[in-house]
Amino acid sequence: MFQQVRYLLLQVRNSDDPMRGQEVNCFAKALAANVSQISVFDLLEAPLSEIDLADIDMILIGGSGHYSAAGEGRWLEVALESLRVVHDSRKPTFASCWGFQAMARAMGGRVIHDLNRAELGVHHVTLTSEGRADPVFGPSGPVLQGLMGHEDTVVELPPGTELLASTDRVENQAYRFLDRPIYCTQFHPELDHDSFLGRLTSYPEYVHKIAGLTLEEFRHTIHDTPATTALLIRFVEQIAPMYLDQK
């Protein structure tokens with residue numbers, strides 16, 4: 001059944017960003033899906049509408065390269081309104097990194113740029129009591145490791161959500177909406193060791209700025225985080241059957 005799931009990946013990346021294609025491949029690998037199952041919608045080009053979601057089963061939102069959810073601008077207004085369309089659709093949605101931040105801001109949370117709370121690389125993520133009871137997060141155990149790279153931080157979650165996980169530096173690391181199947185993580189369940197290093201090769205300035213290391217030094221601190229990647233599979237296993245049965 002999962003080979004029939006049709007995904008839509010919402011992207012906020014420049015047209016010449018090599019990570020546009022890499023992101024599709026990463027989600028396909030993590031979801032055990034074929035690349036052909038994932039369509040892409042560029043939020044920098046046009047606003048999302050209900051019509052764009054008509055033939056979609058699940059929505060994915062990932063990172064953004066050089067775009068911030070804490071800033072201002074017409075492009076961001078359009079993108080945030082598009083995420084409200086996603087929220088209104090009640091379609092199963094998994095958002096990571098920029099998607100985590102932008103969905104929070106779109107629905108009434110608060111995002112700030114804060115280098116003092118920036119995180120890069122593998123970090124320990126501790127589940128809250130709600131996270132331990134959650135069918136997607138709970139089987140991971142009380143602590144898991146996640147690959148992350150962010151300078152913006154969600155300091156207030158939107159109404160109607162519950163916190164699922166935190167790190168020592170950043171309290172809001174994962175949340176879900178209580179009344180619809182939308183899960184959001186600051187970390188990247190869709191990335192592994194190789195794909196994460198691929199991101200850093202494209203954006204090497206973040207390594208020195210956040211970690212104070214060269215890329216060569218930093219690469220030795222990275223490893224796969226299978227417990228985090230498993231969140232995406234469980235999301236499909238737990239959410240897809242309920243949704244697809246209603247179609």
Side-chain angles (χ1 to χ4, degrees), residues 9-31 35 38 40 42-44 60-71 75-76 79 94-104 111-125 143-154 165-170 172-174 184-232:
L9 173 60
L10 306 183
Q11 286 193 321
V12 180
R13 295 185 181 277
N14 293 326
S15 59
D16 61 349
D17 188 339
M19 296 300 102
R20 285 167 64 103
Q22 192 237 37
E23 188 169 51
V24 176
N25 292 330
C26 290
F27 271 110
K29 181 179 178 181
L31 290 163
V35 170
I38 304 177
V40 175
D42 188 345
L43 292 176
L44 295 176
L60 306 168
I61 315 168
S64 65
H66 299 291
Y67 291 88
S68 170
W75 75 269
L76 184 56
F94 200 107
S96 65
C97 199
W98 181 89
F100 164 92
Q101 300 159 2
M103 183 62 78
V111 185
I112 65 171
H113 183 76
D114 185 358
L115 273 176
N116 290 324
R117 282 185 276 187
E119 295 170 303
L120 185 71
V122 178
H123 290 263
H124 287 87
V125 181
V143 180
L144 63 159
Q145 294 181 321
L147 283 162
M148 58 186 74
H150 70 97
E151 296 180 14
D152 295 344
T153 299
V154 175
S166 306
T167 60
D168 290 341
R169 185 174 297 182
V170 176
N172 297 320
Q173 283 287 344
C184 305
T185 66
Q186 178 61 79
F187 47 90
H188 284 279
E190 75 277 14
L191 298 185
D192 59 17
H193 169 274
D194 292 343
S195 56
F196 189 78
L197 286 178
R199 294 280 174 93
L200 295 183
T201 300
S202 289
Y203 314 129
E205 65 272 18
Y206 294 116
V207 179
H208 180 72
K209 184 192 297 186
I210 297 176
L213 300 173
T214 66
L215 180 57
E216 183 59 34
E217 292 169 333
F218 191 73
R219 69 171 59 247
H220 300 295
T221 70
I222 303 302
H223 56 77
D224 289 340
T225 55
T228 305
T229 302
L231 296 175
L232 277 167

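Quantities reported herein were computed from a predicted structural model and do not represent experimental measurements.
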* **Candidate pair F100 and H150, rule side-chain contact (heavy atoms from CB on, under 4.5 Å), full reasoning** => CA-CA 11 Å; F100 164 92; H150 70 97; over 6 Å; no
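Ring-plane geometry between F196 and F218 is classed as tilted, the angle between the planes lying from 30 to 60 degrees on a 0 to 90 degree scale.
T229 places a side-chain N or O within donor-acceptor distance of the main-chain N or O of P189, the cut-off being under 3.5 Å. No donor-acceptor pair under 3.5 Å is formed between the side chain of D224 and the backbone N or O of P226. H188 contributes no side-chain N or O that, together with a main-chain N or O of E190, makes up a donor-acceptor pair within less than 3.5 Å. A donor-acceptor pair under 3.5 Å links the side-chain atoms of N172 to the main chain of V154, judged by distance alone. Not one N or O on the side chain of E119 forms a donor-acceptor pair closer than 3.5 Å with the backbone of R169. Q22 contributes a side-chain N or O that, together with a main-chain N or O of S195, makes up a donor-acceptor pair within less than 3.5 Å.
The side-chain heavy atoms of H123 and Q173, taken from C-beta on, include no pair separated by under 4.5 Å.
Contact detail for L232 and A30: the closest heavy-atom pair is CD1-CB, 3.7 Å. In terms of heavy-atom proximity, W98 sits nearest to A69 at NE1-N, 3.6 Å. Scanning both residues, T225 and Q145, for their nearest heavy atoms gives CB-O, 3.3 Å. Considering every non-hydrogen atom in both L231 and F187, the closest pair reads CD1-CE1, 3.8 Å. The two residues G149 and L120 come nearest to each other via the heavy atoms CA-CD1, 3.7 Å.
Distance OG1/T228 to CG/L144: 4.0 Å, rounded to 0.5 Å. Atom-to-atom distance recorded for S15:OG and R20:CZ is 6.5 Å, nearest 0.5 angstrom.
A salt bridge links E23 with R13; the closest basic N to acidic carboxylate O contact falls under 4.0 Å.
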